[in-house]
Amino acid sequence: MMNFQIEVVKSKLHRVTVTEANLNYVGSITIDEALMEAANLVEGEKVQVLDINNGERLETYVIRGPRESGCICLNGAAARKVQVGDVVIIVSYARMDFEAARQFRPWIVFPDTATNRLTE
């Protein structure tokens, strides 16, 4: 049997609202630390940001935002691709062995879209 790797969804924050867009920053997306932990995201991890409002899809990396702040801030060039108030999906992927991927279950989080807070 062939042993190959595939890329699968590892983490997903489904429908959070952009709270800031900071063009004059080095780059990245700032995410509330509580949301990062719930979705098993780490600082510096590459993510894809999918904008529900305008269809933009971009890649950047995560930086930790203040815990329980609800912060979702696109920084640098990415700030030109989104507007404050846009609803986005944030996804990270992992590469793994095909058989391991069949058993893997991603961390998918559905925060309150209005507040970007975790719900029960």
Side-chain angles (χ1 to χ4, degrees):
M1 185 159 138
M2 296 176 66
N3 184 13
F4 55 91
Q5 302 274 302
I6 63 171
E7 216 169 276
V8 297
V9 172
K10 178 190 83 62
S11 303
K12 178 170 144 180
L13 286 170
H14 190 77
R15 299 182 65 92
V16 289
T17 302
V18 175
T19 59
E20 298 174 63
N22 185 353
L23 183 61
N24 296 311
Y25 192 83
V26 177
S28 69
I29 182 169
T30 305
I31 301 175
D32 177 320
E33 184 177 27
L35 293 175
M36 286 177 60
E37 287 177 3
N40 201 30
L41 292 168
V42 297
E43 196 160 31
E45 184 171 356
K46 179 172 133 177
V47 293
Q48 191 173 43
V49 180
L50 317 171
D51 191 315
I52 300 294
N53 295 77
N54 65 21
E56 284 287 349
R57 299 170 75 92
L58 61 98
E59 288 183 346
T60 190
Y61 61 93
V62 174
I63 61 174
R64 182 177 303 129
R67 179 177 289 281
E68 304 296 334
S69 65
C71 176
I72 301 290
C73 179
L74 275 296
N75 300 303
R80 292 209 181 269
K81 303 279 190 177
V82 301
Q83 299 291 315
V84 171
D86 282 1
V87 175
V88 298
I89 298 169
I90 302 167
V91 185
S92 75
Y93 303 89
R95 187 169 293 125
M96 62 185 68
D97 176 85
F98 180 78
E99 288 304 319
R102 293 172 62 128
Q103 304 301 316
F104 179 74
R105 295 293 171 254
W107 289 266
I108 300 179
V109 180
F110 297 89
D112 180 312
T113 303
T115 64
N116 295 340
R117 299 296 198 295
L118 296 170
T119 58
E120 295 302 316

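Both backbone and side-chain heavy atoms feed into the values below; hydrogens, waters and symmetry mates do not. Every value quoted in this text rests on a predicted model; they were computed, and no experiment measured them.
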> Would you say the side chain of Leu41 lies within less than 4.5 Å of the side chain of Ser92, judging by non-hydrogen atoms?
Replying inline: yes
>> Within this structure, what is the OH-CD distance for the pair Tyr93 and Glu45, rounded to the nearest 0.5 Å?
In response: 11.5 Å
>> Please give me the minimum heavy-atom distance between Ala39 and Ser11, naming the atom from each residue.
In response: O-OG, 2.6 Å
> Can you check whether Asn53 reaches Val18 side chain to side chain, under 4.5 Å on heavy atoms?
Replying inline: no
> Taking atom NE2 of His14 and atom CD1 of Ile52, what is their separation to the nearest 0.5 Å?
Replying inline: 6.5 Å
> Would Val9 end up clustered with Leu50 when hydrophobic side chains under 4.5 Å apart are linked, directly or stepwise?
Replying inline: yes
>> Taking side chain to side chain donor-acceptor pair (under 3.5 Å) as the criterion, tell me which of Asn24, Thr30, Thr60 meets it with Asn75.
In response: Thr30
> Is it true that Val109 and Val47 fall in one hydrophobic cluster, defined by side-chain heavy atoms closer than 4.5 Å?
Replying inline: yes
>> Can you list everything that forms a side-chain contact (heavy atoms from CB on, under 4.5 Å) with Asn54? Sequence neighbours excluded, please.
In response: Asp51, Glu56, Asp86
>> Whether the side chain of Thr17 engages the backbone of Thr113 through a donor-acceptor N/O pair (distance < 3.5 Å, no angle test) should be reported.
In response: yes
> Do Leu58 and Ile90 share a hydrophobic cluster (ILVMFWY, side-chain heavy atoms under 4.5 Å, transitive)?
Replying inline: yes
> What pair of heavy atoms forms the shortest contact from Ser28 to Ile63, and how long is it?
Replying inline: OG-CD1, 3.4 Å
>> Looking at every heavy atom in both Ala34 and Leu118, which two are closest together, and how far apart are they?
In response: O-CD1, 3.9 Å
> Nearest 0.5 Å, what's the CD-OG distance between Glu33 and Ser69?
Replying inline: 9.5 Å
>> Is it the case that atom CZ in Arg67 sees more than 12 heavy atoms from other parts of the structure closer than 6.0 Å?
In response: yes
>> Measuring from atom CG of Asp97 to atom CD of Gln103, what distance do you get when rounded to the nearest 0.5 angstrom?
In response: 11.0 Å
> For the residue pair Arg105 and Arg102, what are the closest heavy atoms and their distance?
Replying inline: NH1-O, 3.8 Å
>> Hydrophobic clustering (ILVMFWY, side-chain heavy atoms < 4.5 Å, transitive) - are Val91 and Val49 grouped together?
In response: no
> With a cut-off of 6.0 Å (strictly less than), are more than 12 heavy atoms of other residues, nucleotides or ligands near CD of Glu7?
Replying inline: yes
> Judged by atom type as modelled, is there a donor-acceptor pair below 3.5 Å linking the side chain of Arg117 to the main-chain atoms of Glu68?
Replying inline: yes
>> Does any part of the side chain of Lys10, heavy atoms only, come nearer than 4.5 Å to the side chain of Phe104, both counted from C-beta?
In response: yes
> When rounded to the nearest 0.5 angstrom, what distance separates CG in Asn3 from CD in Gln5?
Replying inline: 6.5 Å
> What do you reckon, is CD of Glu43 surrounded by more than 12 foreign heavy atoms closer than 6.0 Å?
Replying inline: yes
> How long is the span from the CE atom in Met96 to the CZ atom in Phe4, to the nearest 0.5 Å?
Replying inline: 13.5 Å
> So, for Leu13 and Pro111, which heavy atoms are closest and what is the spacing to 0.1 Å?
Replying inline: CD2-CG, 4.3 Å
>> Taking Gly65's backbone N and O only, do any of them form a donor-acceptor pair with Asp32's side chain (distance below 3.5 Å, no angle check)?
In response: no
> Leu74 and Val26: same hydrophobic cluster, using ILVMFWY side-chain contacts below 4.5 Å?
Replying inline: no
